[in-house]
Amino acid sequence: MSVRVLPDFLVNQIAAGEVVENPASVVKELVENALDAGADQIVVDVVDGGRTSITVVDNGRGMVRDDLAKSIMRHATSKLPDDDLTNITYMGFRGEALPSIASVSNMTIDTYNDSEPNGWQLNATTGEIKPSNWDSGTRIRVQNLFGNVPARLKFLRGDRAETMSVLEIIKRLALARRDVGFVLNNKWFFPKGQDLLERMIAVMGDDINGRMLEINAKSESGDMTLTGFVSEPTLRRASSVDQFLFVNSRPVKDKVVVGALRAAYMDVMHAREFPLCALFLNLNPANVDVNVSPAKTEVHFLEPSHVRAFIIKNLRNRLAETLQTVVQNNLSNDVSHDLEFVSRPQQMNIPVATPHHDNFNLANRDTNTVRHVLSVRSPNVKNFFDEQKLNDENVVCEKNIVSPDDAFAQRPLGHAIGQIGDKYILAESGDNLIIVDQHAAHERITYERVRTHTIKVQPLLTPIVVNMRAEDVVAVLEIADELKNSGLTLDSFGDTAIAIFEKPADWDLNWATLLHEIADEVRANGHSVQLNERLHLKLANWACHHSVRAGQKLDITQMNALLRDIENTTRGGQCNHGRPVYKIIPLTDLDIIFERS
Ligand code: ADP
Ligand code: MG
């Protein structure tokens with residue numbers, strides 16, 4: 001068989017295989033074109049999940065006749081005026097979408113540009129252009145999608161599922177571009193000019209209201225910023241549906257960013273649960289290559305580990321700081337007694353539930369509640385601390401604390417009143433009723449202790465050598481620092497082997513298998529959760545076995561001891577499976593229930 005250059009229609013259909021996967025990808029390309037054309041109102045309609053027709057109308061600048069003719073030619077684009085692929089500022093640039101879509105559907109374009117007296121209509125199947133009375137922006141109508149590619153049609157899902165995929169695409173773009181209004185099927189509205197929180201509520205649902213943490217970070221060198229919102233750990237989804245990530249305003253599902261998000265929540269969320277977020281990473285366009293996948297959802301960072309570390313660090317800090325800021329702000333308005341109280345703990349050399357600690361979950365609290373808790377004072381505070389100091393940290397439930405109620409009133413979680421169902425502890429603090437899930441609480445405490453104190457490292461007299469392919473060695477080394485933090489010290493041993501020099505003590509695994517899994521994961525996702533996930537699981541199980549069980553009777557002293565321990569535990573607000581450990585119910589809420597207010 002002789003070599004031949006493929007005819008255009010075939011080349012386009014092959015390209016369509018990459019660019020046009022389903023109705024949602026058509027919508028994505030058309031809406032991106034509308035955005036590139038400067039539109040600020042975009043209306044999308046899909047009929048039968050997009051199978052029968054997809055229409056996108058925009059109020060952008062439109063096209064003159066000549067450009068309209070060229071728009072459906074392969075690699076014809078108006079968006080690379082200076083031939084510079086390293087500085088891409090438009091959503092599109094490949095000049096592939098329109099010819100690809102046209103090759104697998106019947107497409108018509110109506111468009112108007114104000115430099116010409118009238119608009120034009122193009123029939124992409126015949127190539128015919130005629131004058132049209134269209135007089136603003138552009139309308140692209142795609143009918144009978146994949147009508148000529150039955151194999152593709154077979155892979156489409158039900159109408160509803162396809163419509164949902166279209167909605168998801170629009171949500172992503174709507175979060176990226178709040179300056180633009182979007183409407184889908186006259187049913188989903190994202191009005192122009194919403195602020196980020198309003199848009200997020202429109203996109204993710206009402207339940208996020210008041211439960212998202214703002215992120216506003218800049219890298220030390222000032223070359224990168226991360227802004228947006230992430231959910232507090234008690235707010236989560238069973239899949240990544242509500243994770244919206246943007247790199248230089250472009251919606252992405254990039255593995256480096258997704259991996260970093262996951263790593264940041266590792267300690268506070270179960271591996272099968274997903275935080276919500278709308279996160280915007282901005283960096284110098286020269287440090288990121290967006291020309292990676294035809295659908296452009298993946299990007300290449302020049303320095304992926306730098307990006308990853310930056311995201312993880314800032315998200316972790318934010319999660320840990322949830323309480324701190326609010327309390328400290330309130331505290332600074334308070335009088336000297338409290339300030340002294342705060343400055344003491346170090347001298348007394350005990351962990352104290354002062355506002356220094358990020359121990360309890362304020363996520364659902366309003367600042368008034370906190371202020372109130374803090375403003376209850378007690379002359380017995382110091383006595384209490386001295387008592388506390390005598391207690392053996394490790395035997396949580398055996399503590400025997402003389403507990404003046406008013407001393408405990410100073411504490412965020414107050415003093416225990418009793419137990420219900422042998423499962424929940426009721427406590428009172430200032431004007432709040434507090435309900436604690438005793439099992440979740442103890443699990444969190446034990447886990448945190450294990451986590452922070454007992455990852456002991458055991459040096460190996462003879463290193464364990466694992467043979468691997470060169471690319472796997474490179475992959476494992478990419479996260480060597482992270483592995484070291486989890487107790488695994490290793491380095492390359494020639495080009496095709498890894499030597500392990502230290503491992504977590506008392507922990508034996510098939511290291512070869514683990515390293516290969518890590519390598520696979522790093523190569524697929526740019527990061528690995530294998531080691532941490534296993535460590536995490538091991539610790540979680542251990543903590544669970546050593547915890548106060550639901551169903552265990554506790555006396556008041558034991559309950560108070562547990563309350564104090566929660567206060568002293570980092571992220572004490574959630575158990576290590578991400579469930580809440582306690583709820584604070586202000587008396588004012590009870591008043592509402594009993595119709596007193
Ligand atoms: P790309 O977006 O990569 O340039 P496309 O095939 O998506 O390639 O579009 C080709 C060209 O058609 C664009 O560069 C643009 O000039 C023009 N175009 C497409 N859609 C629109 C629109 N909605 N409004 C104005 N011009 C458009
Ligand atoms: Mg395009």
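This is a predicted model, so every value here is computed, not measured. Just so you know, ligand 1 is whichever comes first in the structure, and atom 1 is the first atom listed for that ligand.
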Novice: With heavy atoms under 4.0 Å as the rule, classify the contact between Leu98 and ligand 1 as side chain, backbone, both or neither.
Specialist: both
Novice: What part of Ser71, side chain, backbone, both or neither, has a heavy atom within less than 4.0 angstrom of ligand 1?
Specialist: both
Novice: Using the six-membered ring of Phe274, assess whether NZ or CZ of Arg236 lies under 6.0 Å from its centre and within 45 degrees of the ring axis.
Specialist: no
Novice: Should the heavy atoms of other residues, nucleotides or ligands under 6.0 Å from CG of Asp179 be counted, would the total exceed 12?
Specialist: yes
Novice: So do the side chains of Asn144 and Ser105 get within less than 4.5 Å of each other, counting heavy atoms only?
Specialist: no
Novice: Run the salt bridge (Lys or Arg N to Asp or Glu O under 4.0 Å) test against Lys484 and tell me which residues pass, sequence neighbours left out.
Specialist: none
Novice: What pairs with Leu477 under side-chain contact (heavy atoms from CB on, under 4.5 Å), at least two apart in sequence or on another chain?
Specialist: Val473, Leu490, Asp491, Ser492, Ile498
Novice: With heavy atoms under 4.0 Å as the rule, classify the contact between Pro99 and ligand 1 as side chain, backbone, both or neither.
Specialist: side chain
Novice: Compute the minimum heavy-atom distance from Asp67 to ligand 1 and say whether it is under 4.0 Å.
Specialist: no
Novice: Calculate, to the nearest 0.5 Å, the distance between atoms CZ and CD belonging to Phe189 and Gln194 respectively.
Specialist: 12.0 Å
Novice: Please could you name the atoms of ligand 1 that Glu96 approaches to less than 4.0 Å, counting only its heavy atoms?
Specialist: 6 (O), 8 (O)
Novice: What do we get for Asp58 next to ligand 1 when only non-hydrogen atoms under 4.0 Å count, side chain, backbone, both or neither?
Specialist: side chain
Novice: State whether the number of non-hydrogen atoms from other residues, nucleotides or ligands found under 6.0 Å of Asp195 atom CG is greater than 12.
Specialist: yes
Novice: Under 3.5 Å, side chain of Arg51 to main-chain N/O of Glu162, donor-acceptor pair present?
Specialist: no
Novice: For ligand 1, which atoms have a heavy atom of Ala97 less than 4.0 angstrom away?
Specialist: 6 (O), 7 (O)
Novice: Are any of the N or O atoms of Ala37 closer than 3.5 Å to those of ligand 1?
Specialist: no
Novice: Relative to ligand 1, is Lys70 under 4.0 angstrom through side chain, backbone, both or neither, heavy atoms considered?
Specialist: neither
Novice: Judging by distance only, is a nitrogen or oxygen of Asn33 under 3.5 angstrom from one on ligand 1?
Specialist: yes
Novice: For atom 27 (C) of ligand 1, which of the options Glu29, Arg139, Met73, Met63 provides the nearest non-hydrogen atom?
Specialist: Met63
